[in-house]
Amino acid sequence: MYQYYFRPAYKSEELLIDVFGGAENENFISDFLNAIAVLKPTMTDILDLWMNDEVLMSFDSEIGSFTLSKDIWGFAFITAEHNQEGLFQINSILENSEMFTKVEVDFERYK
């Protein structure tokens, strides 16, 4: 089971999905992609940011583009610059997935 927040980025109006529970699991990426398979995500680029211990994966899908970043500390973020509607759709799918649990968060904490 994965836990996530659907929240604003720090000091921003842009929303993101912050997976804070379970992202360290070696199956996280495949589980996430399986959960949103209906969107037909296709990886378009991958960057290994070894200096930040982070991997950035870019995807195209039926709802537009989005990025998945995952670090070695067990955190993952799904962002969609200029595609917030797509992010809302991903959130909606995750809310209905048995593998993901959305945890409500106070948006004021991120101002």
Side-chain angles (χ1 to χ4, degrees):
M1 182 75 67
Y2 302 102
Q3 293 181 304
Y4 75 95
Y5 298 128
F6 186 43
R7 65 168 181 84
Y10 288 103
K11 300 186 188 285
S12 173
E13 298 294 317
E14 296 268 326
L15 295 174
L16 56 81
I17 295 171
D18 173 356
V19 182
F20 63 89
E24 70 282 356
N25 182 330
E26 66 183 44
N27 296 322
F28 167 72
I29 295 170
S30 62
D31 288 343
F32 169 70
L33 293 175
N34 285 333
I36 65 164
V38 66
L39 302 176
K40 299 179 183 166
T42 304
M43 187 182 301
T44 58
D45 194 21
I46 185 166
L47 293 172
D48 185 359
L49 303 175
W50 59 271
M51 291 174 58
N52 295 344
D53 296 321
E54 179 181 17
V55 175
L56 287 177
M57 292 163 270
S58 299
F59 293 88
D60 277 335
S61 72
E62 289 191 346
I63 50 100
S65 61
F66 65 91
T67 302
L68 168 63
S69 66
K70 186 175 181 310
D71 64 33
I72 64 167
W73 298 283
F75 295 98
F77 298 93
I78 297 100
T79 58
E81 291 183 32
H82 313 295
N83 184 18
Q84 290 287 281
E85 182 57 40
L87 206 59
F88 275 95
Q89 290 181 38
I90 292 171
N91 173 61
S92 180
I93 291 169
L94 295 181
E95 281 181 312
N96 293 304
S97 170
E98 293 180 3
M99 296 188 73
F100 288 83
T101 301
K102 180 179 179 180
V103 176
E104 295 300 326
V105 65
D106 181 5
F107 278 27
E108 294 298 315
R109 289 181 41 201
Y110 300 95
K111 289 188 172 184

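This chain uses plain numbering: 1 for the first residue, then up along the sequence. The basis for the numbers below is simple: all heavy atoms, side chains too, and nothing from hydrogens, waters or symmetry mates. Because the structure is predicted, anything quoted here is derived from the model rather than measured.
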ask   = side chain to side chain donor-acceptor pair (under 3.5 Å) with N83: which residues, sequence neighbours excluded?
value = none
query = Between CG of L68 and CD1 of I29, what distance do you get to the nearest 0.5 Å?
reply = 5.5 Å
Distance-only criterion, 3.5 Å: show the donor-acceptor pairs between side-chain atoms of residues 57-66 and protein atoms not counting sequence neighbours.
residue	atom	partner	partner atom	Å
S61	OG	I63	N	3.2
S61	OG	G64	O	2.7
E62	OE2	K40	NZ	3.3

task = Sequence neighbours left out, what passes ring pair (Phe, Tyr, Trp, His ring centres under 6.0 Å) with F75? Give chain and number order.
result = none
Residues forming a ring pair (Phe, Tyr, Trp, His ring centres under 6.0 Å) with F28, sequence neighbours excluded = Y2
key: Listed partners of A9 passing side chain to side chain contact (heavy atoms under 4.5 Å, CB included), at least two apart   = S12, L16
task = Please name all residues satisfying salt bridge (Lys or Arg N to Asp or Glu O under 4.0 Å) with D18, sequence neighbours left out, ordered by chain then number.
result = R7
key: Any residue meeting salt bridge (Lys or Arg N to Asp or Glu O under 4.0 Å) with E24, in chain and number order, not counting sequence neighbours   = none
query = How would you list, by chain and number, every residue that makes a salt bridge (Lys or Arg N to Asp or Glu O under 4.0 Å) with E26, sequence neighbours excluded?
reply = none
task = Using the side-chain contact (heavy atoms from CB on, under 4.5 Å) rule, take L94 and F32 through it: C-alpha gap first, then chi angles, then the decisive distance, then the call.
result = CA-CA 9 Å; L94 295 181; F32 169 70; 4.2 Å; yes
key: Shortest non-hydrogen separation from I93 to A35 and the atoms involved   = CG2-O, 3.2 Å
key: For Q84, side chain to side chain contact (heavy atoms under 4.5 Å, CB included) partners two or more places apart   = E14, L15, L87
remark   = Interatomic distance, CG@L33 vs OG1@T42, rounded to 0.5 Å, equals 10.0 Å
Side-chain donor-acceptor pairs under 3.5 Å in residues 100-110, sequence neighbours left out?
residue	atom	partner	partner atom	Å
K102	NZ	E95	OE2	3.3
D106	OD1	E108	N	3.0
E108	OE2	K111	NZ	3.2

task = Decide whether M1 and M99 are clustered together by the hydrophobic rule: side chain heavy atoms of Ile, Leu, Val, Met, Phe, Trp, Tyr closer than 4.5 Å, transitively.
result = no
task = Looking only at non-hydrogen atoms, find the nearest pair between L47 and D45 and report the distance.
result = CG-OD2, 4.1 Å
